[in-house]
Amino acid sequence: QVQLVESGGGLVQPGGSLRLSCEAFGIIFSRHAMGWYRQAPGKQRELVASITNRTNTNYADSVKGRFTISRDNAKNTVYLEMNSLKPEDTAVYYCNVGYYSGTHYAHYDYWGQGAQVIVSS
């Protein structure tokens, strides 16, 4: 059974930083691409960042240069380092298992419980 457990969300002031973690269970982690999505109130879930099993990364334009996705295969964990946070980054962030179709990340329907990130002064 696949299980994804996120942690690290919280309240932060604009310009601040947070690091999200997601530990995966029930998969051979090193074989899979991983992604981080977010969903703000009233909006669709969007892909924020993804990483191949060989650590190549891709980012949404809205977070390029501010967010960094990384992975530790020994710990079955993927991270999302978020810097220079803006109020528009406020959302629930979800970890995901996926794969690459060509250069595009595609998700399997496995999701964590989500980590709330609130950026506000």
Side-chain angles (χ1 to χ4, degrees):
Q1 183 179 357
V2 178
Q3 188 177 9
L4 303 170
V5 180
E6 296 111 338
S7 60
L11 172 64
V12 64
Q13 292 188 340
S17 299
L18 280 175
R19 188 175 83 153
L20 304 181
S21 300
C22 171
E23 187 174 5
F25 301 88
I27 61 171
I28 302 175
F29 183 78
S30 61
R31 292 185 182 178
H32 290 278
M34 299 293 295
W36 283 98
Y37 285 75
R38 68 184 180 188
Q39 187 166 20
K43 294 189 176 181
Q44 287 191 331
R45 194 171 294 188
E46 62 172 347
L47 179 63
V48 172
S50 60
I51 185 167
T52 69
N53 61 340
R54 296 187 177 185
T55 69
N56 293 321
T57 58
N58 288 282
Y59 299 92
D61 288 343
S62 58
V63 306
K64 266 180 195 173
R66 301 189 298 121
F67 289 14
T68 302
I69 187 171
S70 61
R71 64 190 296 158
D72 185 338
N73 288 343
K75 295 182 178 180
N76 286 4
T77 299
V78 62
Y79 304 97
L80 186 67
E81 183 77 34
M82 304 183 292
N83 298 314
S84 302
L85 281 160
K86 305 175 182 180
E88 52 263 44
D89 294 318
T90 295
V92 179
Y93 285 71
Y94 296 92
C95 173
N96 175 257
V97 182
Y99 60 96
Y100 272 80
S101 177
T103 59
H104 297 284
Y105 180 85
H107 67 266
Y108 292 117
D109 201 20
Y110 298 115
W111 303 94
Q113 81 283 2
Q116 177 73 61
V117 172
I118 299 173
V119 184
S120 175
S121 55

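Side chains of Tyr100 and Ser50: a donor-acceptor N/O pair is present below 3.5 angstrom, by distance only. No hydrogens or angles considered: nothing links the side chains of Thr77 and Asp72 as a donor-acceptor pair under 3.5 Å.
Side-chain contact between Tyr93 and Met82: present, with at least one pair of heavy atoms (C-beta onward) separated by less than 4.5 Å. Val78 places a side-chain heavy atom less than 4.5 Å from the side chain of Cys95. The shortest distance between side-chain heavy atoms of Ile51 and Tyr105 does not fall below 4.5 Å. Side-chain atoms of Asn96 and Trp111, non-hydrogen and from C-beta on, do get closer than 4.5 Å to each other. With contacts defined as side-chain heavy-atom distances shorter than 4.5 Å, the pair Arg38/Lys43 does not qualify. In this structure, the side chains of Ile27 and Val97 come closer than 4.5 Å at one or more pairs of heavy atoms.
Linking ILVMFWY residues whenever their side-chain heavy atoms come closer than 4.5 Å, directly or via other members, leaves Met34 and Leu47 in distinct clusters. Tracing side-chain contacts under 4.5 Å through hydrophobic residues (I, L, V, M, F, W, Y), one reaches Leu85 starting from Val63; they form part of the same cluster.
The shortest heavy-atom contact between Leu20 and Ala115 is CD2-CB, 4.2 Å. Residue Ser30 comes nearest to Asn73 through the heavy atom pair CB-ND2, 3.7 Å, listed as atom of the first residue, atom of the second, then distance. Shown here for Pro14 and Ser121, the closest heavy-atom pair between the two residues is CD-N, 3.7 Å. Closest non-hydrogen pair, Ile69 versus Tyr59, comes out as N-OH, 2.9 Å. The two atoms that bring Ala49 and Leu80 nearest to each other are CB-CD1, 4.1 Å, heavy atoms only.
Glu6 places a side-chain N or O within donor-acceptor distance of the main-chain N or O of Gly114, the cut-off being under 3.5 Å. In this structure a side-chain-to-backbone donor-acceptor pair under 3.5 Å is present from Thr90 to Val119. Under a 3.5 Å cut-off, the side chain of Thr52 and the backbone N or O of Thr55 do form a donor-acceptor pair.
Counting non-hydrogen atoms of other residues, nucleotides and ligands closer than 6.0 Å to CD of Gln44 gives a total of 12 or fewer.
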* To do: Start with the C-alpha distance between Tyr108 and His32, add both sets of side-chain angles, then the distance that settles side chain to side chain contact (heavy atoms under 4.5 Å, CB included), and finish with yes or no.
  => CA-CA 10 Å; Tyr108 292 117; His32 290 278; 4.2 Å; yes
* Walk me through it: do Leu18 and Val117 pass the test side chain to side chain contact (heavy atoms under 4.5 Å, CB included)? => CA-CA 9 Å; Leu18 280 175; Val117 172; 3.9 Å; yes
* **Working for side chain to side chain contact (heavy atoms under 4.5 Å, CB included), residues Lys64 and Asn58** => CA-CA 9 Å; Lys64 266 180 195 173; Asn58 288 282; over 6 Å; no
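For Trp36 and Phe67, the gap between ring centers reaches or exceeds 6.0 Å. Taking the six-membered ring for Trp, His107 and Tyr99 have ring centres at least 6.0 Å apart.
With rounding to the nearest 0.5 angstrom, the CG atom of Leu4 is 9.0 Å from the CZ atom of Phe25.
With salt bridges taken as basic N to acidic carboxylate O contacts below 4.0 Å, none links Asp89 and Lys86.
By the 6.0 Å and 45° rule, Arg45 stacks over the aromatic ring of Tyr94. Within the cation-pi definition used here (under 6.0 Å to the ring centroid, within 45° of the axis), Arg71 qualifies as a partner of Phe29.
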